[in-house]
There are 2 protein chains.
Amino acid sequence: MTSTDDRPLRRDAQLNRDRIIRAAQEVFAQRGLAGTFHNVADQAGVGLGTVYRRFATKELLVEAVYEQRLADFVGTVEAALHAPTGWDGLVDVLSTAARLHATDRGLRDVVLTRGHRPRSFAAFTDRMEPLLNQLVDRARTEGSLRADVTAEDLPILLALISEVAMHGDPVRPGIHARYLQLLLDGLRRSPTAGALGEPLARRELDAIADSWLPRLDHT
Amino acid sequence: MTSTDDRPLRRDAQLNRDRIIRAAQEVFAQRGLAGTFHNVADQAGVGLGTVYRRFATKELLVEAVYEQRLADFVGTVEAALHAPTGWDGLVDVLSTAARLHATDRGLRDVVLTRGHRPRSFAAFTDRMEPLLNQLVDRARTEGSLRADVTAEDLPILLALISEVAMHGDPVRPGIHARYLQLLLDGLRRSPTAGALGEPLARRELDAIADSWLPRLDHT
DNA sequence: CGCTAAGTGGACCACGTTGATCCGCTTAGT
DNA sequence: ACTAAGCGGATCAACGTGGTCCACTTAGCG
């Protein structure tokens, strides 16, 4: 029903639109998706009304900001599937994700959110899921990854690391890598490792992520 | 300067005071120290004014609620120093803390806070610090704990686990133990472990904890 | 009892934040 | 030079928060 009027924007309007997106990138990077339209308008040096006119809902703005970045990340994961060993691939993905989350808090919110979100992001999750499963399977089969870890653990681990990154990296840049390494060493197969118990089901993971991250829909 | 009037409370006042403390326990357990006086008053079934009269500041209320619990926890850590092995002691402390944090979010806030807080809690930290150092030293010396981990890592690890507990345990009770186990396996000395880099300094840890947890002082 | 200091409740105030709209003015571009 | 498109930001409503105040109630002493 939303008649998408595709007439090209006036030159000045297009200019402002770009400024808004760039501003939103910075705002979301610092404050996460909790950043407000006010923040964005200020950062862009543009009126609040202008932001609302260009992006009627936050979803639309978030989508515009992160569409490309998400696609890039899928590329990273795909590339990791062709790493020399499965373990290398897993480390690649976790490190890259950690580094990205450390510098862009909004990206973390977008990547880890499971509930309602823009159409285009659902596609991202759909593409991601089989890739992560392959990644985990490969590393497990080759014997480097402990057998009782599943793909459902990855989002939780990422959430943890990005938590460290969020609070720790401003104090000591890169400190999140310390705790990522600790986790990686815990993920490696080892004779001394303790039992982990029943892994999380998809449904449970979704519920947890849902309570962990800020909701994009509200009103 | 605060003339502490020690006249005993009237019977009904004392009763309400107890009700308030019990209510605050529940409120803080669920919502962390971010719980408000309004919340507490409602939960206690008592007027807002009554809460304010009995506890002029949040600090006083928090202190009344957690003084005993903190002392108990110090006891746990002391006991852990006499565990069969240093590793067992470390596991005891981390598991116990994780379990407590999982059921009381306010306790987590209190334990992990480093900045301004009630006098009596500063004493807690002071007693705690040497104990944790001993605990880590012992486990490291006996060769079970990897050499590049320090006592400053423990609060960060606890913060991580309690993060999982906060969001995960309501969905799957006890799920935090899964990720604690993963971390523990990462903490064990192992030939395949990767380098951790420079450990956190006390000052850095304090700064991180400060940004991580809700401030108790504000206004 | 009866009296009064102590205690009580919750309406109320001040304030900050957030989402969202509206409309008088400006300007791009034909 | 004219008009549709665009602009800004004051403004509104809703909400949550910390905190005070004061008319009413009651414990418990003499």
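Here is how names work: the chains are called A, B, and so on, in the same order as the sequence lines, proteins then strands, and each is numbered from 1. Predicted, not measured: the structure shown is a model, and the values here were computed from it.
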Which atom of A:Leu187 lies closest to which atom of A:Leu145, heavy atoms considered: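 Distance-wise, the nearest heavy atoms are O-CD1, 3.4 Å.
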Specify the separation, in whole Å, of atom [atom1] of [X] and atom [atom2] of [N].
X: B:Gln14; N: D:dT26; atom1: CD; atom2: C1'; value: 17 Å
X: A:His38; N: D:dA14; atom1: NE2; atom2: P; value: 16 Å
X: A:Arg31; N: C:dT17; atom1: CZ; atom2: P; value: 10 Å
X: B:Phe37; N: D:dT17; atom1: CZ; atom2: P; value: 13 Å
X: B:Leu9; N: D:dT26; atom1: CG; atom2: P; value: 19 Å
X: B:Arg54; N: C:dT8; atom1: CZ; atom2: P; value: 5 Å
X: A:Phe55; N: C:dG19; atom1: CZ; atom2: C1'; value: 17 Å
X: B:Leu48; N: D:dG16; atom1: CG; atom2: P; value: 16 Å

Between [options], which nucleotide gets closest to the side-chain atoms of [X]?
X: A:Arg11; options: D:dC7, C:dG29, D:dG18; value: C:dG29
X: B:Ala13; options: C:dT8, D:dG28, D:dG8; value: C:dT8
X: A:Arg10; options: D:dT20, C:dG29, D:dT26; value: C:dG29

Beyond-backbone contact of A:Ser162 with A:Arg105, side-chain heavy atoms, under 4.5 angstrom: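 No. Closest side-chain heavy atoms not under 4.5 Å.
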Residues B:Glu198, A:Arg172: salt bridge by 4.0 Å N-O rule: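 No, this pair does not count.
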Charged N-O contact under 4.0 Å between A:Asp18 and A:Arg22: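 Salt bridge: no.
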Closest-nucleotide 5' rank along DNA chain C - winner of A:Arg53 and A:Asn39: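 Going by which nucleotide is closer to the 5' end, it is A:Asn39.
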Distance below 4.0 Å between B:Asn16 side-chain N/O and C:dT8 OP1 or OP2: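 For C:dT8, OP1 or OP2 has a side-chain N or O of B:Asn16 closer than 4.0 Å.
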